[in-house]
Amino acid sequence: MHLDEIVSWLKETDTGRLDALYSEANETRRRFVGDAVHLRGLIEISNHCSRGCAYCGLRAGNRALERYRMTREEIVDSARVALASGYGTVVMQAGEDHAITAEWLAGIIREIKRETGLAVTLSMGERSEADLAAWRQAGADRYLLRFETTDPALYRKIHPTFPGAPDRIALLGTLRRMGYEIGGGVMIGIPGQSYRTLAQDIRTFRSLDLDMIGVGPYIPHPATPLGQGLIRSDLPEGEQVRATEDMCYRVLALTRIMCPQANIPATTALATVNGRSGRELGLQRGANVIMPNVTPLKYRRYYEIYPGKACVNEPAKHCSNCIRGRIHAIGRAVGTGAGGRIRKAVPA
Ligand code: SAH
């Protein structure tokens, strides 16, 4: 799809046409990745962060947030919970926490692989090539690193870098060369994001041939510069992307059509803006993955990248039953196995 076509879908007002877009996305999803919904157990291993991202509640400048770092035993236990819940993958995510050393996490990755055999996905931010290589060597399979926006000026505004900081898009290339499956994505509706930029982001998902793509609504956090309105959009009224639920479905659908083989989650952020049916609608408009939280309950509320996060008080067992019920209720199946990227030729 050309840039202009994507832009016009993002601005479309005719609900009949949008329904046709959603049907096409759903059909593409079915043909390329099937009816299975893969479950990934999310372990939020640390909320310490050395960075100052203008959107994220974990930013170093948020002194009000109580910080935690899970122990090795707690992390491995959470992986056991994921295995017992029938999930095929664990995703370890954290702020950019440099007390997490390459050796420490490599030891944990080895233990999880040895004991559970689960696919291991990491989302640890921008780390050195040596760290990323050590984790890959220890058995990590996949890496999630959203590039947040393809507009360099907007990126600099919302994601302050430091001298020598790697460019996220370049880092995704490095991760791929190391043999990781790679995941990227963006938030929808950050102040300063135009429809053209968002359309370019979607085209970039395709040009990078991402294996996994995470998109969800931007949700303002009051302890951040963006949430406090200190960084504002200077776009004309009609050009600023709205951070609405409806916009998320359009982006999900367009992403599926552009990247038919990718694994695409119905994100927690989407469930946060619509707890009743956000996940289901996401799954019916392009998504094929859900990431239930298996972080110990005592830590959940401190991993507050945005406020009001869905399911902060739900024990893992409850989440597993709830998610399975939701998947079956829309006539889909729960995926088995690791649920990696399927590379299939485009059917005639
Ligand atoms: N430190 C890791 C993990 C960050 S959290 C990293 O930087 O890659 C994972 C994702 O949550 C981020 O990439 C961002 O896209 C999203 N996120 C952060 N703050 C958010 C907010 N206020 N609203 C919605 N999504 C947010």
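As the structure lists them, so they are numbered: ligands from 1, and atoms in each ligand from 1.
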(message) So for ligand 1, is Arg146 a polar contact partner (N or O within less than 3.5 Å, distance only)?
(response) yes
(request) Salt-bridge test for Arg146 and Asp201: reply yes if a basic N is under 4.0 Å from a carboxylate O, no otherwise. (result) no
(message) So if I count the atoms of ligand 1 from 1 in the order they appear, which ones are less than 4.0 Å from some heavy atom of Cys56?
(response) 19 (N)
(message) Strictly below 4.0 Å, N to O, side chains only: are Arg196 and Asp151 in salt-bridge contact?
(response) no
(request) List every atom of ligand 1 that sits less than 4.0 Å from any heavy atom of Ile305, numbering the atoms from 1 in the order shown and giving each element. (result) 11 (O), 19 (N), 22 (N)
(request) Could you tell me whether some N/O pair between Tyr55 and ligand 1 is separated by less than 3.5 angstrom? (result) yes
(request) Determine, for Asp97 against Arg69, whether the closest basic-nitrogen to carboxylate-oxygen distance falls under 4.0 angstrom. (result) yes
(request) Answer yes or no for Pro217: is there a heavy-atom contact with ligand 1 below 4.0 Å? (result) yes
(request) Give the residue and atom name of whichever protein heavy atom lies nearest to atom 15 (O) of ligand 1, and the separation in Å to one decimal. (result) Glu148 OE1, 2.7 Å
(message) With nothing but distance in play, are any N or O atoms of Ile219 less than 3.5 Å from an N or O of ligand 1?
(response) yes
(request) Determine, for Glu245 against Arg250, whether the closest basic-nitrogen to carboxylate-oxygen distance falls under 4.0 angstrom. (result) no
(message) Geometry only, no angles: is Met187 polar-contacting ligand 1 at N/O separations under 3.5 Å?
(response) no
(request) Say whether, by atom type as modelled, one donor and one acceptor occur between the side chain of Tyr303 and the main chain of Thr295 under 3.5 angstrom. (result) no
(request) Scan the protein's non-hydrogen atoms and note whether one is under 4.0 Å from atom 21 (C) of ligand 1. (result) yes
(request) Look at atom 8 (O) of ligand 1 and say which protein heavy atom is nearest, naming residue and atom and giving the distance to 0.1 Å. (result) Arg168 NH1, 3.3 Å
(message) Salt bridge check, Glu44 against Arg300: does any charged N sit closer than 4.0 Å to a carboxylate O?
(response) no
(message) For Lys11, is there an ion pair with Glu239 - N to carboxylate O distance below 4.0 angstrom?
(response) yes
(request) Using a strict cut-off of less than 4.0 Å between a Lys/Arg side-chain nitrogen and an Asp/Glu carboxylate oxygen, indicate whether Arg168 and Glu148 qualify as a salt bridge. (result) yes
(request) Distance to 0.1 Å, residue and atom name: give those for the protein heavy atom nearest to atom 5 (S) of ligand 1. (result) Gln93 OE1, 3.7 Å
(message) How far is atom 3 (C) of ligand 1 from the closest protein heavy atom, and which atom is that?
(response) Ala94 O, 3.6 Å
